[in-house]
Amino acid sequence: MTVFDAIIIGTGQAGPALARRLAGTGMQVAIVERGRFGGTCVNTGCTPTKTLVASAYAAHLARRGADYGFSAGEITVDMKRVKARKDNVAGASTRGVERSLKKLANCRVYEGHARFVSPREVQVGDEVLRAERIFLNVGARAAVPEIPGLSEIDYLTNSSMMAVDFLPPHLLILGGSYIGLEFGQMYRRFGSKVTIVELGPRLIGREDADVSDAIAGFLGREGIDLRFNAKCLGVRKDGGEIVMSVDCEGTTEIRGSHLLIATGRRPNTDDLGLDRAGVAQDKRGYITVDDELRTSVPGIWALGDCNGRGAFTHTSWNDFEIVAANLLDGDHRRVSDRIQAYALYTDPPLGRAGMTEAEVRKSGRRVLIGKIAMEDVSRAAEKGETEGFMKILVDADTKQILGAAFLGTSGDEAIHCILDAMYAKASYTVLQRAMHIHPTVAEFIPTILEDLTPLAA
Ligand SMILES: Cc1cc2nc3c(=O)[nH]c(=O)nc-3n(C[C@H](O)[C@H](O)[C@H](O)COP(=O)(O)OP(=O)(O)OC[C@H]3O[C@@H](n4cnc5c(N)ncnc54)[C@H](O)[C@@H]3O)c2cc1C
């Protein structure tokens, strides 16, 4: 048995940073990775998908050459080169994580699957490692729903999509949320026919209906076929085609060449030996944690997607900061202090901070709302990218900003003005009086705040 001061399982977004902090204090640290260094974001999530989104955007813009006064001729996409570009960018990230961990002083890297054998011991291959502190950063993977016929056909997930170096003639996507929409728009722009099948009545059901409708509008205008309220799903193979039935009468069938399952994520906690450590999980398998990310067993923490408190790279990174601050800096940081924020990388993107309109309505507060169409934003007009809108919600009594949705060009960047004001607990009037740079999307934030009106009941 080898004894360490700390064991970290998983090299996702939180694990490597925590290893650096702990090892930096002189602690002896073991970090275990069973797959590719850097985890989901680097290998099968953010980095590769945003690299692919960039290729798709470039092709789209080239096709729109006439709108800008040039012609690029017929645009065809070489998927092998698109994939090679993606592999290059993602490969640099994963190699960077691996290299930095392997040369980190006071840190030993184990490559293999880790499982608890007791609350203080973890087995990797033939070796048992022991530590008084164990940190779980094991992440999540694609959740595959039980659909009749699915086990008999080849289907894709976000992971296997990474190997695709050809153009699927007709990509069927099950799931109309972040992952499905990003892949859907990018493959449409690469040249595939795309059908997105959503179980609910609208895309990204957690967002407000105006956001869902606007996204459905621009995806539809790009020729993506959107199907809602899919029920009694079934799939089968018919010759070279995948046939999906989407209603209980079996009358509506959708045919495609490939199927991507994008119906959510499940935590990598089923083969971790959590029962042998006594670590509690919820009924979906997420590790139960308190506000400082401590599990039910003293000396064991869970960070990142596996704790169910966030599903993003920045939430996992924030988990690292919270654990490090509490353990090493005497700084009492908590999960409940953070403000919900994320982006959807369609084109245009959605930047979201804080509460939705539906959430503020439910909260019973007196609320002011301001909204502007991207058509009225000069920067958007100059760029020829006028889809979407920006919306800000303000508490009428405290004057603090409650939330915002920026669906429009640069919305993923401009939203940080709102986020920072929210963290500062500043009155919206601070932003209203701020002089922003012209011409930018963010310069319209003061304009929106000039024109707030009471949110109608
Ligand atoms: C297609 C897609 C696009 C995304 N785009 C974005 C985006 O644009 N922005 C954003 O913020 N988020 C995005 N996400 C989400 C983001 O990737 C994740 O939230 C983030 O990677 C979470 O990281 P993590 O730290 O929880 O663990 P992960 O990155 O999932 O890493 C966990 C690691 O643990 C390892 N592991 C698991 N079990 C064991 C074990 N028993 N023993 C040893 N090692 C183990 C795994 O191999 C893995 O390397 C995207 C996700 C997907 C799927």
Side-chain angles (χ1 to χ4, degrees), residues 7-19 30-54 86 90 93-94 97-98 101 109-116 122-125 129 134-143 156-162 173 175 177-184 186 260-274 277 285-287 289 293 301-320 323 340-346 349-352 412:
I7 299 169
I8 299 168
I9 306 180
T11 66
Q13 290 305 304
L18 189 60
I31 188 160
V32 192
E33 175 53 60
R34 69 175 181 189
R36 298 180 70 181
F37 287 84
T40 308
C41 181
V42 165
N43 295 293
T44 61
C46 342
T47 307
T49 55
K50 268 80 258 185
T51 309
L52 292 168
V53 161
K86 179 268 293 176
S93 285
T94 187
V97 176
E98 178 173 4
L101 286 173
V109 175
Y110 288 84
E111 292 185 60
H113 182 96
R115 263 182 218 94
F116 279 101
V122 165
Q123 179 146 13
V124 187
L129 322 178
I134 300 180
F135 303 91
L136 307 175
N137 179 219
V138 292
R141 61 186 187 277
L156 295 154
T157 65
N158 69 289
S159 298
S160 48
M161 283 298 285
M162 294 300 120
I173 299 177
S177 197
Y178 306 93
I179 295 173
L181 299 185
E182 289 178 14
F183 276 115
M186 104 186 38
L260 166 64
I261 301 288
T263 47
R265 312 280 295 161
R266 58 178 291 196
N268 292 324
T269 52
D270 31 5
D271 193 13
L272 198 52
L274 288 177
Y286 288 97
I287 298 167
V289 289
L293 302 164
W301 289 256
L303 303 85
D305 286 10
C306 68
N307 64 27
R309 302 290 292 268
F312 298 99
T313 284
H314 45 276
T315 49
S316 182
W317 179 266
N318 189 245
D319 284 1
F320 144 68
V323 169
Q340 160 160 255
Y342 48 78
L344 160 72
Y345 291 91
T346 48
L350 167 70
R352 134 92 41 225
D412 53 330

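Residue indices begin at 1 and follow the sequence shown. What you see is a predicted model, and the numbers here were worked out from it, not measured in a lab. All ligand and atom numbering here is 1-based and tracks the order in the structure.
When non-hydrogen atoms are compared, ligand 1 lies under 4.0 Å from the backbone of Thr40 as well as from its side chain. Proximity of Asn137 to ligand 1, defined as any heavy-atom pair under 4.0 Å, is shared by backbone and side chain alike. Residue contacts with ligand 1 for Phe37 are absent, since no atom lies close enough (heavy atoms, distance under 4.0 Å). At a heavy-atom distance under 4.0 Å, only side-chain atoms of Ser316, from C-beta outward, approach ligand 1. Neither the backbone nor the side chain of Asp271 has any atom closer than 4.0 Å to an atom of ligand 1 (non-hydrogen atoms only). Contacts with ligand 1 closer than 4.0 Å are made by side-chain heavy atoms of Thr49 only, the backbone lying farther away. For Ala140, every heavy-atom contact with ligand 1 shorter than 4.0 Å involves the backbone, none the side chain.
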After noting the C-alpha distance and the side-chain angles of Gln13 and His314, does the key distance pass the side chain to side chain contact (heavy atoms under 4.5 Å, CB included) rule? CA-CA 8 Å; Gln13 290 305 304; His314 45 276; over 6 Å; no
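Residues Arg309 and Tyr286 fail the side-chain proximity criterion, which asks for heavy atoms closer than 4.5 Å. Side-chain contact between Asn158 and Arg265: present, with at least one pair of heavy atoms (C-beta onward) separated by less than 4.5 Å. Counting only heavy atoms from C-beta outward, the side chains of Met161 and Ile179 never approach each other to under 4.5 Å. Proximity of Thr49 to Phe183: side-chain heavy atoms (C-beta onward) are separated by under 4.5 Å at one or more points. For the pair Leu136/Phe116, a side-chain contact is recorded, criterion being any heavy-atom separation below 4.5 Å from C-beta on. Counting heavy atoms from C-beta outward, Asp305 and Thr40 have side chains that stay 4.5 Å or more apart. Using a 4.5 Å heavy-atom threshold, the side chains of Leu129 and Val32 count as touching. Side-chain contact between Leu101 and Thr11 is present, with at least one heavy-atom pair separated by less than 4.5 Å.
Per-residue contacts place Gly35 under 4.0 angstrom from the following atoms of ligand 1 (heavy atoms of the residue considered): 47 (O). Residue contact check: Asn158 has heavy atoms under 4.0 Å from atoms 1 (C), 53 (C) of ligand 1. Counting atoms of ligand 1 from 1 in the listed order, those under 4.0 Å from a heavy atom of Gly304 are 26 (O). Counting the atoms of ligand 1 from 1 in the order shown, those under 4.0 Å from a heavy atom of Leu272 are 41 (N). Residue-ligand proximity, Gly39 to ligand 1, at heavy-atom distances under 4.0 Å covers atoms 29 (O), 31 (O), 48 (C), 49 (O). Near Thr44, meaning under 4.0 Å from any of its heavy atoms, are these atoms of ligand 1: 1 (C). Atom numbering of ligand 1 starts at 1 in the shown order; those under 4.0 Å from a heavy atom of Ile9 are 40 (C), 42 (N), 43 (C). For ligand 1 and Arg36, the ligand atoms under 4.0 Å from any heavy atom of the residue are 49 (O).
Once rounded to the nearest 0.5 Å, the distance linking CZ of Phe135 with CD1 of Ile31 reads 11.0 Å. Atom CG of residue Asn137 and atom CG of residue Asn307 lie 9.5 Å apart, to the nearest 0.5 angstrom. Considering NZ of Lys50 and SG of Cys41, their distance stands at 8.0 Å, rounded to 0.5 Å.
Considering only non-hydrogen protein atoms, atom 27 (O) of ligand 1 sits nearest to Gly139 CA, 3.4 Å. Ranking the protein heavy atoms by distance from atom 6 (C) of ligand 1 puts Cys46 SG, 3.4 Å first. Of all protein heavy atoms, the one lying nearest to atom 42 (N) of ligand 1 is Ala114 N, 2.9 Å. The closest protein non-hydrogen atom to atom 12 (N) of ligand 1 is Thr313 N, 3.4 Å. The protein heavy-atom contact nearest to atom 21 (O) of ligand 1 is Cys41 N, 3.1 Å. Protein heavy atom nearest atom 51 (C) of ligand 1, with residue, atom name and distance: Gly45 CA, 3.9 Å. Of all protein heavy atoms, the one closest to atom 15 (C) of ligand 1 is Ala311 O, 3.5 Å. Scanning all protein heavy atoms for the shortest distance to atom 5 (N) of ligand 1 gives Lys50 NZ, 3.1 Å.
Distances between N or O atoms of Gln13 and those of ligand 1 include at least one value under 3.5 Å. The shortest N or O to N or O distance between Asn268 and ligand 1 is not under 3.5 Å. The shortest N or O to N or O distance between Gly10 and ligand 1 is not under 3.5 Å. Below 3.5 Å of separation, one finds an N or O of Asp305 facing an N or O of ligand 1.
Remark: side-chain polar atoms of Lys86 are paired, donor with acceptor, to backbone N or O of Met162 under 3.5 angstrom. Under the 3.5 Å distance criterion, the side-chain polar atoms of Gln123 are matched with a main-chain donor or acceptor of Gly125. Asn43 places no side-chain N or O within donor-acceptor distance of the main-chain N or O of Ala90, the cut-off being under 3.5 Å. Looking at Thr157, its side chain never comes within 3.5 Å of a backbone N or O of Ile261 through a donor-acceptor pair.
Under 4.0 Å is where a charged nitrogen must lie from a carboxylate oxygen, and between Glu98 and Arg36 no such pair does.
Relative to atom 37 (C) of ligand 1, the option among Asp412, Val138, Val97 with the closest non-hydrogen atom is Val138.
Residue contacts with ligand 1 include Arg265, since one or more of its heavy atoms lies under 4.0 Å from the ligand. Using a 4.0 angstrom heavy-atom cutoff, Gly112 counts as in contact with ligand 1.
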